[in-house]
Amino acid sequence: MAGTAGHRHHVVVVGAGFGGLAAARALRDAPVDVTVLDARNHHTFQPLLYQVATAGLDGDDICFPIRGIFGRQRNARVRLGEVRDVDLDGRHLTMSDGTTLDYDDLVLAAGAVTNTFGIPGVEEHAFGLKSLGDAMAIRTHVLLRFEEADADPAKLTDGTLTVVIAGGGPTGVEMAGGLAELFSHVLRRDFPRLDVRAARVVLLEATDRLLGTFHPKLADDARRTLEAAGVEVLLERAVARVEPDAVVLTDGTTIPAATMVWAAGVRAHPLGETLGVELTKGGRVVVGDDLALPGRPEVHVVGDLAASPGPGSAGSDGAVAPLPQLAAVAIQGGHHAAAMIAGRLRGEPPRAFHYVDKGTMATIGRHDAVAQLPGGIRLKGPVGWLAWLVLHLVMLIGFRNRANVLVNWAWNYLTYDRASRIIPEREPAPFTQAPPGRATR
Ligand SMILES: Cc1cc2nc3c(=O)[nH]c(=O)nc-3n(C[C@H](O)[C@H](O)[C@H](O)COP(=O)(O)OP(=O)(O)OC[C@H]3O[C@@H](n4cnc5c(N)ncnc54)[C@H](O)[C@@H]3O)c2cc1C
């Protein structure tokens, strides 16, 4: 279990998302050297990506350089690079440039990727919302469509100004509310000669309600609020295929639309598939109750990549439903993995992971949100929004980001303005900016 002669015990953390950051930071006083590996040079605060996509915040506000986070952690080093596969027996990783990296302990926290479910055209023509690149691409694409319609009034009614969002979960709901607000308050003023009322935001959900994991009353409130803001909510409608300028539904309806945002699902990062261990249907790695791989106490898997055992009872197949793919699950899992690594070095036995539910929230628009908290507490409207605001500010990494976000939110709130609507010189194509990995099943 000790590191190789002359070396301290080496812990490699793959992924500097919520889970990986929590693990690496919690090891700051442990007698180990930590390498934090990520394919990107920044941590992304994914819950606020929709605000970048809808011009409420800038990329810098919700992303933080990983080297900046670990600059003062003396036992940590940061390495930029994509892990291609893991050799569990040989205890080393192979990077996409062919180099290898040995570990004594490994924490895998590579997160999840957009799941297109193999629906034709999604990969080619829709935008995901998993990375900063995705969010910037949506924003640029939508702003350019408004510029086009401004130059050619015929485009007002041909779908150029229509955004279809697939998926009525929190991401789809937040995206729809944010876009409706951007259109009606900001772009209406930016394009005074354009009848912006013709711009449509259509939210598609395959089941009979929005926000499936929330209480039905909160879900109903969310639907009503979105509809009042001008969003067309279509329930029990599924996407059959996406074309460059239209979305075709399984019931045969065609919605002319130049923009489609795919918020209909994620699956675990494909790195899990390289391990040769048991995976769930969604590709999540099956771990023991201590979050380690069965029979491999030196490998922990946390966050969206892991099927962390939940508190629920076993289903008819004997399987316990895994914990949801949420930031709080990843953070607490990262802390637990770090505690297990440090404990094992002291000769302590592993302990089971116990998740403390912090609740779930979704904003619907200006001073409106729904929140479902532990103990059956449900908040909505301005109270829910305030709770959402405080929680996201507290969770944001780094004081500079917090201050920026607060100033931007105050500005947006008081002026109905959105400062972040610069169009870069070249428009990025859908799904081209999302290293690492994308699932198409
Ligand atoms: C749009 C959106 C909104 C969300 N809103 C909420 C919310 O409101 N509340 C909530 O609790 N959760 C929310 N979530 C979910 C939450 O963001 C995730 O549960 C959380 O990020 C999972 O953390 P993680 O550490 O497992 O993975 P991530 O945070 O995704 O981090 C994974 C990291 O691994 C890196 N990586 C991946 N593959 C490799 C590789 N091969 N080599 C090296 N590095 C790699 C990535 O670059 C990334 O930095 C949201 C997610 C999205 C997409």
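Atoms within each ligand, like the ligands themselves, are counted from 1 in listed order. All values derive from a computational prediction rather than experimental measurement.
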[X]-ligand 1 polar pair, N/O distance under 3.5 Å:
| X | value |
| --- | --- |
| H42 | no |
| L49 | no |
| E82 | no |
| L271 | no |
| R40 | yes |
| V83 | yes |
| G15 | no |

Original post:
Out of curiosity, is P170 lining ligand 1, as in a heavy atom under 4.0 Å away?
Top reply: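 False for this residue.
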**OP:** Report yes or no: does a heavy atom of A362 sit under 4.0 Å from some atom of ligand 1?
**Re:**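 Flag not set, A362 not near ligand 1.
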**OP:** Please step through ring pair (Phe, Tyr, Trp, His ring centres under 6.0 Å) for the pair F64 and F45, ending with a clear verdict.
**Re:** CA-CA 8 Å; F64 203 83; F45 192 88; over 10 Å; no
With atoms numbered from 1 as shown, which atoms in ligand 1 lie under 4.0 angstrom from a non-hydrogen atom of [X]?
| X | value |
| --- | --- |
| Q325 | 15 (C), 19 (O) |
| A110 | 32 (C), 34 (O), 37 (C), 38 (N) |
| L326 | 10 (C), 11 (O), 12 (N), 19 (O) |

**OP:** Please lay out, stage by stage, how M95 and V83 fare under the test side chain to side chain contact (heavy atoms under 4.5 Å, CB included).
**Re:** CA-CA 4 Å; M95 311 294 292; V83 177; 4.0 Å; yes
Mode of [X] contact toward ligand 1 - side chain, backbone, both, neither (heavy atoms, under 4.0 Å):
| X | result |
| --- | --- |
| H269 | side chain |
| A330 | side chain |
| T171 | side chain |

Original post:
Under 4.0 Å between a Lys/Arg side-chain N and an Asp/Glu carboxylate O for R91 and E298?
Top reply: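 Between E298 and R91 there is a salt bridge, with a charged N closer than 4.0 Å to a carboxylate O.
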Subject >> Nearest non-hydrogen partners of A24 and V36, listed with the distance >> reply: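 Shortest heavy-atom separation between A24 and V36 comes out as CB-CG2, 3.7 Å.
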Original post:
Is it the case that H10 and D105 place a side-chain donor and acceptor less than 3.5 Å from each other?
Top reply: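 No pair is found: no donor N or O on one side chain lies under 3.5 Å from an acceptor on the other.
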